[in-house]
There are 2 protein chains.
Amino acid sequence: MEDINYIKENRLEDTGFAYTLKLISGKYKMQTLYAISLNQGPLRYNELKRLLTPISFKSLANTLRELEAAKLIYRKEYPKIPPKVEYGLTKLGESLIPVLDAICTWGEKQMK
Amino acid sequence: MEDINYIKENRLEDTGFAYTLKLISGKYKMQTLYAISLNQGPLRYNELKRLLTPISFKSLANTLRELEAAKLIYRKEYPKIPPKVEYGLTKLGESLIPVLDAICTWGEKQMK
DNA sequence: CAGAATCCTGCGCGATACTG
DNA sequence: CAGTATCGCGCAGGATTCTG
C-alpha cells in the first residue's frame, strides 16, 4: 500500500531508490567503489586510473570528489615527496558493497 | 584470489558487475524496471510516461526498446482501437528486482 | 605522483510536431 | 493511445598541457 501510493502519487523520486541512485549514478562511480572493494584496501590515484581504464584524469578526479562528498570514500594524503594519496571506503561506502556484490552476482549468473 | 586477479589484470570489465551495468545503465532503465515492479503488474505506455516524469517520449521509447532487447521486459500489444500496449517484467527482469530492492532499502536507511 | 586548468566533442536526452 | 520523425542542445566526459 505504501509502495502503491508512492507510485500512484507519481513520487518515485522521493523513494530511497532515487536517493541511492543520485549518489552512485555516473559512468564510473559504482566501478570505482567496487574496484576499491575488490582490492580489499585503499587504492592510489594512479592505480584507480589504471583499473578504471579508459577513464580520463578529469573524470576520475570528478568521480572521486563526488564520492568523497557523499561520504562513500575517504581521501588520505601523505604529505611527502613524491606525493601519495589513498582512497578507501568509509563505513558508509562499505555498507553499499553488498548491493554492488548483488549486481555482480546477478551478472555472473547470466553470463554463462 | 580470483578477485585479486581480475583487478590486477585490469579486467574489471569482464566481471558480472560490468555485465549487469551494461544492461541497466542509462538514465531511466532502473527506474522503469522498478516502477513496473512496484505496480505489481504490467504498465501501459502512458502510465510509464507519467510515472517517469520528466522523461521524454523519445527516451521512454528507447528505454523500453533496450530493456526489451535485453529480455528484461516484454511488450504485449492489444490490436484494437484505441491501441493498448503493456510492458511487464519477464522472469529475467523479475530476477533483478531483489537487487533493485536492495538499492531502495539502502537509500531508505540513509534518508532518515 | 597527484592532480588542476583549459579547451573540445559526442551523444543522450529533450521539445515539438506528426501519424496509424 | 502509442508511438515515430526531426531538430537541436547541454553537459558529462575526453584529450592535452601544466604544476607543486
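Here is how names work: the chains are called A, B, and so on, in the same order as the sequence lines, proteins then strands, and each is numbered from 1.
- Look at R65(A) and you'll find a side-chain N or O under 4.0 angstrom from OP1 or OP2 of dA4(C).
- Phosphate contact (OP1/OP2 of dG3(C), side-chain N/O of R75(A), threshold under 4.0 Å): present.
- Residue F57(A) contributes atom CZ, which lies 10 Å from atom P of dC1(C) at whole-angstrom precision.
- The side chain of Y28(B) places an N or O atom within less than 4.0 Å of a non-bridging phosphate oxygen (OP1 or OP2) of dG14(C).
- The distance from atom CG of L60(A) to atom P of dA2(C) is 10 Å, rounded to the nearest whole Å.
- A donor and an acceptor atom, one from each side chain of Y28(A) and N62(A), are nowhere located under 3.5 Å apart.
- At the heavy-atom level, Y87(A) lies under 4.0 Å from the strands shown only through sugar-phosphate atoms.
- At dC1(C), none of the side-chain N or O atoms of R44(A) fall inside 4.0 Å of OP1 or OP2 (strictly under the cut-off).
- Contact check for I36(A) versus N39(A): no side-chain heavy atoms found under the 4.5 Å cut-off.
- Toward the 5' end of DNA chain D, the nearer of the two residues P83(A) and P54(A), judged by each one's closest nucleotide, is P54(A).
- At distances below 3.5 Å, not a single donor-acceptor pair connects side-chain atoms of K76(B) with backbone N or O atoms of Y87(B).
- When every heavy atom of M30(B) is checked against every heavy atom of I24(B), the shortest pair comes out as CG-O, 3.4 Å.
- A close approach under 4.0 Å does occur between a side-chain nitrogen or oxygen of S59(A) and OP1 or OP2 of dG14(D).
- In this structure, the CD atom of E77(B) is 10 Å from the P atom of dT4(D), given to the nearest Å.
- Contact annotation for K49(A): no contact, since no heavy-atom pair falls under 4.0 Å across all strands.
- In the interface, the side chain of K58(A) is paired with the base of dG13(D) through a donor and an acceptor atom under 3.5 Å apart.
- The side chain of A61(A) approaches dA4(C) more closely than any other nucleotide in the set dA4(C), dC1(C), dA2(D).
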